[in-house]
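It should be emphasised that the depicted structure is a prediction, and the values quoted were computed from it without experimental measurement.
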Amino acid sequence: MARSLCPDKERATVAVGAAILALAVPSAAGQVGAIVAGGLIGWGLLANHAPTRPGPPLAVHLPRAWSIIAAILFFGLLIGLPLAAAALPVQPLRLFDSFYRSGALVFGGGHVVLPLLQAEVVPRGWVSNDAFLAGYGAAQAVPGPLFTFSAYLGTVMGTVPNGWAGGLLCLVAIFLPSFLLLIAALPFWDGLRRRPAVQSALRGSRRLSSASCSRRSTSRCGPARSSARPILLSASSRCYCSRYGRCRPGSS
């Protein structure tokens with residue numbers, strides 16, 4: 001992942017900075033902040049890179065009215081579901097809110113969703129940490145997107161809804177944001193992806209995948225997570241220095 005996403009010094013710098021932010025602020029706010037910061041830094045720092053040649057035009061065309069409705073629904077649910085779950089503490093609504101936010105805030109690949117899901121279901125007692133890790137291991141052993149792990153979590157929930165109803169609810173909730181964003185972006189994507197500024201911002205934001213994997217590693221460390229963060233930060237810094245700079249042996 002590091003070789004494909006961080007092939008040069010500039011992009012590796014963005015990745016290390018995003019890792020520091022994601023580990024220093026271990027919450028959804030930290031991950032969203034790293035995405036925004038990566039996009040802004042990529043827009044400014046990586047603007048001199050040769051623009052990527054866009055592929056052929058998309059064959060799928062949707063009315064712009066659909067796009068606007070999908071964008072309103074995406075942000076409306078993202079903002080409204082937490083408020084509704086706080087006002088009406090009904091378990092199906094809380095469950096849908098948790099998995100919808102996890103699907104909406106993830107960026108950079110399936111593994112990045114793991115710390116978000118664990119933060120939603122394990123501390124609340126909905127799923128034990130052992131059951132979470134067992135499900136993750138099983139999900140790694142079968143083909144398909146890692147988002148389907150949400151169906152397992154919904155099935156093994158200790159609270160109602162669980163079983164097939166809970167699995168279906170969590171599966172729909174976590175995939176719904178991506179479908180809404182896809183419909184919202186399709187009518188404008190051909191024009192956006194040809195803009196050098198947008199390409200530079202996406203190069204910066206994609207560095208978050210490496211950073212989020214560092215956070216995912218600490219999220220599974222259990223009681224040792226507080227000591228694991230400085231170790232991962234030190235390892236990231238040493239790898240960066242060994243490839244792009246000079247580090248003295250024994251230096252901290």
Novice: Of the non-hydrogen atoms in Gly154 and Cys170, which two are nearest, and what is the gap between them?
Specialist: CA-SG, 3.6 Å
Novice: Are Met157 and Val160 joined in one hydrophobic group, where the rule is that I, L, V, M, F, W and Y side chains link up if heavy atoms are under 4.5 Å apart?
Specialist: no
Novice: Determine the interplanar angle of the Phe149 and Tyr136 rings, folded into 0 to 90°, and report it as parallel if under 30°, tilted if 30 to 60°, perpendicular if over 60°.
Specialist: perpendicular
Novice: Salt bridge (charged side-chain N to carboxylate O under 4.0 Å, His left out): which pairs involve residues 87-99, sequence neighbours left out?
Specialist: Asp97-Arg101
Novice: Would you check if Phe99 and Leu176 make a side-chain contact, meaning some heavy-atom pair closer than 4.5 Å?
Specialist: no
Novice: Can you find a pair of side-chain heavy atoms, one from Ser102 and one from Val113, that are under 4.5 Å apart?
Specialist: yes
Novice: Can you hop from Ile72 to Ile183 via hydrophobic side chains spaced under 4.5 Å?
Specialist: no
Novice: Distance check, rounded to the nearest 0.5 Å: Leu146 atom CG versus Ile174 atom CD1?
Specialist: 8.5 Å
Novice: So do Val127 and Leu117 actually touch side chain to side chain, heavy atoms under 4.5 Å?
Specialist: no
Novice: Among the clusters formed by ILVMFWY side chains lying less than 4.5 Å apart, do Leu181 and Phe179 turn up in the same one?
Specialist: yes
Novice: Which heavy atom of Pro63 sits nearest to which heavy atom of Pro187, and what is that distance?
Specialist: O-CG, 4.2 Å
Novice: Answer whether the closest heavy-atom distance between the side chains of Tyr100 and Leu180 falls below 4.5 Å.
Specialist: yes
Novice: What pair of heavy atoms forms the shortest contact from Phe132 to Leu114, and how long is it?
Specialist: CZ-O, 3.7 Å
Novice: Would you please say whether a donor-acceptor pair under 3.5 Å links the side chains of Arg124 and Ser98?
Specialist: yes
Novice: Would you kindly confirm whether Ile79 and Ile69 end up in one hydrophobic cluster when ILVMFWY residues are joined by side chain heavy atoms under 4.5 Å apart?
Specialist: no
Novice: Counting only heavy atoms not in Phe75 (residues, nucleotides, ligands), do more than 12 fall under 6.0 Å from its CZ?
Specialist: no
Novice: Identify, with sequence neighbours excluded, every residue that meets ring pair (Phe, Tyr, Trp, His ring centres under 6.0 Å) alongside Phe175.
Specialist: Phe147
Novice: How long is the span from the CH2 atom in Trp126 to the CG atom in Leu153, to the nearest 0.5 Å?
Specialist: 11.0 Å
Novice: Any side chain to side chain donor-acceptor pair (under 3.5 Å) pairs touching residues 161-179, not counting sequence neighbours?
Specialist: none
Novice: My understanding is that only one of Val121, Val90, Leu169 makes a side-chain contact (heavy atoms from CB on, under 4.5 Å) with Leu95; could you say which?
Specialist: Leu169
